J.: 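Before I ask anything, let me first share the structure, which is written out below as structure tokens.
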Amino acid sequence: MSSTNVETVDVVIIGAGFSGMYAIHRLRNYKVVCLEAGDGVGGTWYWNRYPGARVDIQSVEYSYGFDEDLQQEWSWPEYFSAQPDLERYANHVADRFNLREHIRFSNPVTRMKFNEAENLWHVYTATGGHFACRHVIAATGSLTAPNLPPWPGREQFKGEIYHTARWPAEGVDFSGKRVGFIGTGSTGIQAMPIIAEQADELYVFQRTPAYCMPSGNRPLDEAHERDWKDNYPQRREHILQTYGASMVEYPEFSAHDCSPEQREEILEKAWNSKSAFQLIVAFSDVMTDTAANEIVCEFARGKIRSIVKDPEVAELLCPTTYPIGGKRLCVGNGYFEMYNRDNVTLVDVKTAPIVEFTESGLRTAAAQYDLDVIITATGFDAVTGAMDRIDIEGCNNRKLKDKWADGPTTYLGAMVSGFPNMFMIHGPSTPAAQAQMITTGEWQVNWTADIIDAMEREGLNRIDVTEEAEQEWAQEVDMGVLGTSPPNVTLIATAHAS
Ligand code: NAP
């Protein structure tokens with residue numbers, strides 16, 4: 001594209017998800033353009049329209065705190081809002097704060113190059129857009145790029161194929177259909193019970209079973225809403241001081257301080273707490289002590305055995321190869337109960353993996369399954385996936401992909417040495433999906449915007465970080481994982497493996 005078509009702005013924001021939207025608002029006194037791949041706002045909550053999609057953190061928490069009027073006037077219908085309500089909220093915020101005037105929809109960024117002589121980033125989009133700017137904020141999300149199934153023969157299959165993260169806005173009619181579903185993570189667990197009610201037959205292809213507890217979702221009661229609205233500023237302040245930026249906190253006592261009866265009582269209460277995280281914070285050491293963790297695992301397995309009537313199916317659904325909390329604990333609405341339906345079949349693809357798509361369905365190492373619809377809830381190329389899909393070139397013609405070939409290195413998860421004036425929100429080595437991402441996103445945007453403000457105020461053209469600073473941050477993150485302070489998932493996983 002010729003330089004006459006370059007649009008010069010101060011800041012380019014990539015992505016109009018929750019962090020990108022707040023970044024527009026926070027930086028609107030600059031010339032700001034936000035480039036968004038989709039044709040609407042909301043990011044994760046725009047793309048993941050699969051049936052049953054729902055947040056697992058209370059909506060009164062999982063919402064913006066930057067504007068007191070906004071949090072006072074908005075009402076969530078349920079404790080854990082469904083995707084349509086989150087998308088409605090994102091649209092409300094976009095309208096209320098006039099964000100759309102800054103957003104170029106259907107404009108995925110394909111390439112970015114830093115011009116060292118100009119101290120400018122040049123940002124290119126798939127639709128031919130070319131922007132020159134001093135600062136780039138990559139609010140690209142950590143769960144953006146879907147993992148597509150690796151099996152050959154996809155083009156042979158005569159039926160419909162969907163990925164849950166690219167769900168059609170008009171929905172899918174499953175009536176009278178044989179559906180194959182791959183993926184038993186948070187997404188699959190939410191979607192399948194609803195699909196099972198509509199489909200003729202549902203085949204669940206399970207590789208690794210999940211720990212899952214009931215969501216306890218319910219209409220939001222007025223007293224609870226009032227209590228939050230009366231205390232928002234203090235609560236927002238408080239949650240930023242907690243691990244995970246949420247109101248969920250560890251108790252003082254260890255599992256080893258309790259008798260078996262006390263443990264059972266505490267775990268039963270946690271199971272019925274209507275908060276997904278209570279099970280992994282039932283004792284102070286669930287995430288740091290292998291034996292304490294195993295107590296909770298066994299409780300969760302006991303629940304599966306008591307809900308699922310067929311003992312063989314129940315055993316196959318019991319996770320045994322990793323600690324509870326080692327992967328995000330899933331929340332369900334009738335997930336295990338679904339396996340008591342006559343039209344649901346659990347297929348173990350750990351022992352007999354899926355081999356290929358065929359004309360009429362899927363073939364595993366053990367059998368052929370004839371299907372009308374195949375749904376993959378196979379997760380994401382997480383954390384780096386969205387950045388990897390953009391061809392990013394920094395100083396000395398170095399590509400980010402090459403720099404990250406052996407794994408991502410960052411300073412504070414926000415900046416990368418050799419890629420000046422480029423800031424990431426929820427980047428690699430931030431808590432990302434381990435935390436309540438709207439609040440931590442706001443915090444990171446504020447940090448970034450403060451830097452941009454300071455640079456503009458002081459007439460500085462370029463900010464970069466050193467490789468030493470990246471190494472120090474990597475060491476600090478490693479210490480967080482391997483150290484003694486809870487929670488420490490890797491330590492447990494290592495102990496299990498040894
Ligand atoms: P995920 O947790 O990565 O789960 C992907 C599933 O697909 C796993 O069961 C995985 O099995 C399976 N899979 C992948 N490749 C496969 C293959 N080749 N053959 C058979 N099975 C295969 O993805 P997700 O469920 O979409 O969740 C991703 C993240 O999104 C979650 O951790 C959570 O942070 C977020 N999320 C949150 C909510 C919520 O807040 N309620 C809802 C949905 C998602 P293996 O385990 O064996 O790899």
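All of these numbers come straight from a predicted model, not from anything done at the bench. Atoms within each ligand, like the ligands themselves, are counted from 1 in listed order.
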J.: Consider ring pair (Phe, Tyr, Trp, His ring centres under 6.0 Å). Of W167, F181, F157, which one does Y162 pass it with?
T.: W167

J.: If the contact criterion is a heavy-atom separation under 4.0 Å, does Q206 count as touching ligand 1?
T.: no

J.: Who's closest to atom 25 (O) of ligand 1 heavy-atom-wise, of N147, T321, L148, T187?
T.: T187

J.: Below 4.0 Å, non-hydrogen atoms only: which portion of Q190 touches ligand 1? Side chain, backbone, both or neither.
T.: side chain

J.: Is the distance between the ring centroids of Y89 and W45 under 6.0 Å?
T.: no

J.: Under a plain distance cut-off of 3.5 Å, with no hydrogens placed, do D370 and Q368 share a side-chain donor-acceptor pair?
T.: yes

J.: Heavy-atom distances under 4.0 Å decide this one: backbone, side chain, both or neither, for I182 against ligand 1?
T.: side chain

J.: Do the ring centers of Y50 and H163 come within less than 6.0 Å of each other?
T.: no

J.: Answer yes or no for Y50: is there a heavy-atom contact with ligand 1 below 4.0 Å?
T.: yes

J.: Which protein heavy atom lies closest to atom 2 (O) of ligand 1, and at what distance to 0.1 Å?
T.: G185 CA, 4.0 Å

J.: Short list, please: which atoms of ligand 1 are under 4.0 Å from a heavy atom of T208?
T.: 45 (P), 46 (O), 47 (O)

J.: Does a donor on one side chain sit under 3.5 Å from an acceptor on the other, for D285 and Y250?
T.: no

J.: Please tell me whether Y46 and E87 have a donor and an acceptor in their side chains that are separated by less than 3.5 angstrom.
T.: no

J.: Atom 15 (N) of ligand 1: which protein heavy atom is closest, and how many Å away?
T.: R207 NH2, 3.5 Å

J.: Please say whether the positively charged group of K327, taken as NZ for Lys or CZ for Arg, lies over the ring of Y322, i.e. under 6.0 angstrom from the six-membered ring centre and within 45 degrees of the axis.
T.: yes

J.: Looking only at protein heavy atoms, identify the closest one to atom 33 (C) of ligand 1 and say how far it is in Å.
T.: R328 CD, 3.4 Å

J.: Can you list the residues that meet the side-chain contact (heavy atoms from CB on, under 4.5 Å) rule with E476, with sequence neighbours excluded?
T.: W473

J.: State whether a side-chain donor-acceptor pair under 3.5 Å links N333 with S215.
T.: yes

J.: For atom 41 (N) of ligand 1, what's the nearest protein heavy atom and its distance?
T.: R54 O, 2.9 Å

J.: Taking 4.0 angstrom as the limit and counting only heavy atoms of F380, give me the atoms of ligand 1 inside it, by number and element.
T.: 26 (O)

J.: Apply the test side chain to side chain contact (heavy atoms under 4.5 Å, CB included) to residues F80 and V331: give CA-CA distance (whole Å), side-chain angles for both, the deciding distance (0.1 Å), then the verdict.
T.: CA-CA 11 Å; F80 304 103; V331 282; over 6 Å; no

J.: Could you check atom 8 (C) of ligand 1 against the protein and tell me its nearest heavy-atom contact, residue, atom and distance included?
T.: T184 N, 4.0 Å

J.: Hey, does F205 sit under 4.0 Å from ligand 1 if you only count heavy atoms?
T.: no

J.: With heavy atoms of K327 as the reference, note each atom of ligand 1 found under 4.0 Å away.
T.: 46 (O)

J.: G379 heavy atoms, cut-off 4.0 Å: which ligand 1 atoms fall inside?
T.: 3 (O), 5 (C), 23 (O), 26 (O)

J.: Checking contacts here: is it the side chain or the backbone of A377 that comes within 4.0 Å of ligand 1, counting heavy atoms only? Could be both or neither.
T.: backbone

J.: Nearest to atom 36 (N) of ligand 1, what protein heavy atom do you find, and at what distance?
T.: S186 CB, 3.8 Å

J.: Have E337 and Y339 got a donor and an acceptor in their side chains that come within less than 3.5 Å?
T.: no

J.: What protein heavy atom is closest to atom 29 (C) of ligand 1, reported as residue, atom name and distance in Å?
T.: L143 CD1, 3.6 Å

J.: Of the side chain and backbone of F80, name the one, both, or neither that has a heavy atom under 4.0 Å from an atom of ligand 1.
T.: neither

J.: Can you sort out which atoms of ligand 1 are near G183, meaning under 4.0 Å from one of its heavy atoms?
T.: 6 (C), 7 (O), 9 (O), 12 (C)

J.: Does the side chain of Q71 come under 3.5 Å of the side chain of S63 through a donor N or O and an acceptor N or O?
T.: no

